[in-house]
Amino acid sequence: MDWILYLKAVILGIIEGLTEFLPVSSTGHLIVAGSLLDYTGQEADTFYIAIQAGAIFAVCWHYRQRLIDICLGLFSDKVQQRLAINTIVAFLPAAVIGVLVASYIKKWLFNPIAVATALVVGGVIILIVEYFQDKKTYKPRVETMDDMSWKDALRVGFLQCLAMIPGTSRSGATIIGGLCIGLSRKAATEFSFFLAIPTIFGATVYDLWKSRDVLTATALPMISVGFVVSFFSALVVVRWLLHYVSKHDFSAFGWYRIFFGGVILLTWWTGLVQW
C-alpha cells in the first residue's frame, strides 16, 4: 500500500474520531471527505463503517470501569441490570430496521448531496430544540441515565433509527431526541455513548460480513490504520464532550451543520465542485 492511501486512511480516521460522538454526522463527513480525496465506491463505504469500531473502543476504554461494574453486577445489582436492559432495548429498533433497509440506504443516500441536505435539516432541528430548551422553567424529567425507564430507552432507540440517513448523525438523533423526551443533557449524552457500543459494533460486523468479497489486500491495511487513528481522536472527543455539555448547549453544532451543508449545496448548485 502506497503512502497516499495511508495518508487518506489517517485523514479519514481523524475525521471519524472527531465527529462520531458530536451531533454533526461522522458518516456524512466521511462521505464528503472521501469524495474530495477520491476515495469512493463499495470498498470506501465499508471502510467508513469499519473504522467506526475504533471510535467505539474509545468509549469502552473511557467507561471501562462502568462496563466492568455492569458485568459483575448483572445478576445482583439492579442499577447495572437496568442500564444493561435499557441498552439492549434501545438497540433493538436499529438492529431490526437496519437489516431491512441498510442496502437501500447505501445505494441511494451515500452521496454528498443527500448528506448536505440532512446536515442542514438536522442543524435547523437542533436550533429549534435548543430554543425551546432555553424557554423551559422546569428540570428534566430524567436526570441521569440510571434513572431511565425501558420506555425512555425504547424511544431513544427509535430516534436512533433516523441516523441511518447519512448526514443525520447518530449522536444528534439520540442526544437531541433524548432532550425532547425529557432527558437531561448529561443523561442523553452518556446514554448515547453506551447505546453506540452495541449499535456500531453490530453494524460493523454485519457490514464487514456482507462486504467480505470487497475486503481486498488494499482495504484491510487502510481499515487498520483508520481504526487506530479513530480510536485516539475519539478518546479526546468523548472526554471533551462530557465536559462541554455540562456548561453549553448544542446550538453551535446546529449552526455548524447548516454552514457545512450549505457550502456543499452551494458548490454543487454553482458547479464549482462535481460531487
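None of these values were measured; they are calculated from a predicted model. Start at 1 with the first residue, then count along the sequence.
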Out of Ile175, Asn86, Ile181, which one pairs with Val156 under the side-chain contact (heavy atoms from CB on, under 4.5 Å) rule?
->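 Going through the options one by one, the only one that passes is Ile181.
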Check the angle between the aromatic planes of Tyr244 and Phe250 and answer parallel, tilted or perpendicular using the 30° and 60° thresholds.
-> tilted
Ignoring hydrogens and angles, tell me if any N or O in the side chain of [X] forms a donor-acceptor pair with the backbone of [Y] under 3.5 Å.
| X | Y | answer |
| --- | --- | --- |
| Arg257 | Gly167 | yes |
| Thr87 | Leu83 | yes |
| Thr267 | Ile264 | yes |
| Thr199 | Phe91 | no |
| Ser224 | Leu220 | yes |

List the atom pairs, with distances to 0.1 Å, where a side-chain N or O of residues 228-239 and a protein N or O form a donor-acceptor pair under 3.5 Å, not counting sequence neighbours.
unit_1 : atom_1 : unit_2 : atom_2 : d
Ser230 : OG     : Ile51  : O      : 2.9
Ser230 : OG     : Gly226 : O      : 3.2
Ser230 : OG     : Phe227 : O      : 2.9
Ser233 : OG     : Val229 : O      : 3.0
Ser233 : OG     : Ser230 : O      : 3.3

Ser171 and Phe253: CA distance, side-chain angles, deciding distance, side chain to side chain contact (heavy atoms under 4.5 Å, CB included) verdict = CA-CA 12 Å; Ser171 295; Phe253 299 112; over 6 Å; no
Are [X] and [Y] packed together at the side-chain level, in the sense that at least one heavy-atom pair is separated by less than 4.5 angstrom?
| X | Y | result |
| --- | --- | --- |
| Ile31 | Asn111 | no |
| Glu190 | Leu242 | yes |
| Leu5 | Asp2 | yes |
| Tyr63 | Ile197 | no |
| Thr174 | Leu159 | no |
| Leu266 | Thr270 | yes |
| Met164 | Ile97 | yes |
| Ser184 | Thr144 | no |

Listed once per pair and sorted, the salt bridge (Lys or Arg N to Asp or Glu O under 4.0 Å) pairs that draw on residues 8-19, sequence neighbours left out | none
What salt bridge (Lys or Arg N to Asp or Glu O under 4.0 Å) pairs are there with at least one residue in residues 51-72, not counting sequence neighbours?
->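 Sorted pair list: Arg66-Asp146.
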What about [X] and [Y], same hydrophobic cluster or not, with Ile/Leu/Val/Met/Phe/Trp/Tyr joined at side-chain heavy-atom distances under 4.5 Å?
| X | Y | value |
| --- | --- | --- |
| Leu22 | Val121 | yes |
| Val89 | Phe193 | no |
| Phe47 | Leu37 | yes |
| Ile113 | Leu30 | yes |
| Trp240 | Val24 | yes |

Measuring from [X]:[atom1] to [Y]:[atom2], what's the distance to the nearest 0.5 Å?
| X | Y | atom1 | atom2 | result |
| --- | --- | --- | --- | --- |
| Ile85 | Lys78 | CD1 | NZ | 11.5 Å |
| Thr27 | Leu109 | OG1 | CG | 12.0 Å |
| Cys60 | Phe201 | SG | CZ | 4.5 Å |
| His248 | His243 | NE2 | NE2 | 7.5 Å |
| Thr168 | Leu162 | OG1 | CG | 6.5 Å |
| Leu241 | Ser246 | CG | OG | 10.0 Å |

For [X], enumerate each residue passing the ring-ring contact (aromatic ring centres under 6.0 Å, His included) test, keeping only those at least two apart in sequence or located in another chain.
| X | result |
| --- | --- |
| His62 | none |
| Phe110 | none |
| Trp268 | none |
| Phe259 | none |

Which heavy atom of [X] sits nearest to which heavy atom of [Y], and what is that distance?
| X | Y | answer |
| --- | --- | --- |
| Gly34 | Tyr48 | CA-OH, 3.2 Å |
| Ala153 | Ala90 | O-CB, 3.2 Å |
| Ile70 | Ala84 | CG2-CB, 4.1 Å |
| Ser169 | Ser25 | CB-N, 3.3 Å |
| Pro93 | Leu154 | CG-CD1, 4.0 Å |
| Ala116 | Gly261 | CB-O, 3.5 Å |

Trp150 atom CH2, neighbour heavy-atom count above 12 within 6.0 Å |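 Count not over threshold, so no.
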Excluding sequence neighbours, so at least two apart, what forms salt bridge (charged side-chain N to carboxylate O under 4.0 Å, His left out) with Asp45?
->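 Scan of Asp45 (salt bridge (charged side-chain N to carboxylate O under 4.0 Å, His left out), adjacent residues dropped) gives none.
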Tell me, please, which residues at least two apart from Arg185 pass salt bridge (charged side-chain N to carboxylate O under 4.0 Å, His left out).
-> Glu130
Determine, stepwise, if the pair Asp249 / Gln133 fulfils side chain to side chain contact (heavy atoms under 4.5 Å, CB included).
-> CA-CA 9 Å; Asp249 64 19; Gln133 283 285 317; over 6 Å; no
Just to verify, what does [X] make a side chain to side chain contact (heavy atoms under 4.5 Å, CB included) with, not counting sequence neighbours?
| X | answer |
| --- | --- |
| Ala196 | Phe21, Ile56, Arg170, Ile200 |
| Ile258 | Val124, Leu127, Trp255 |
| Ser149 | Lys151, Asp152 |

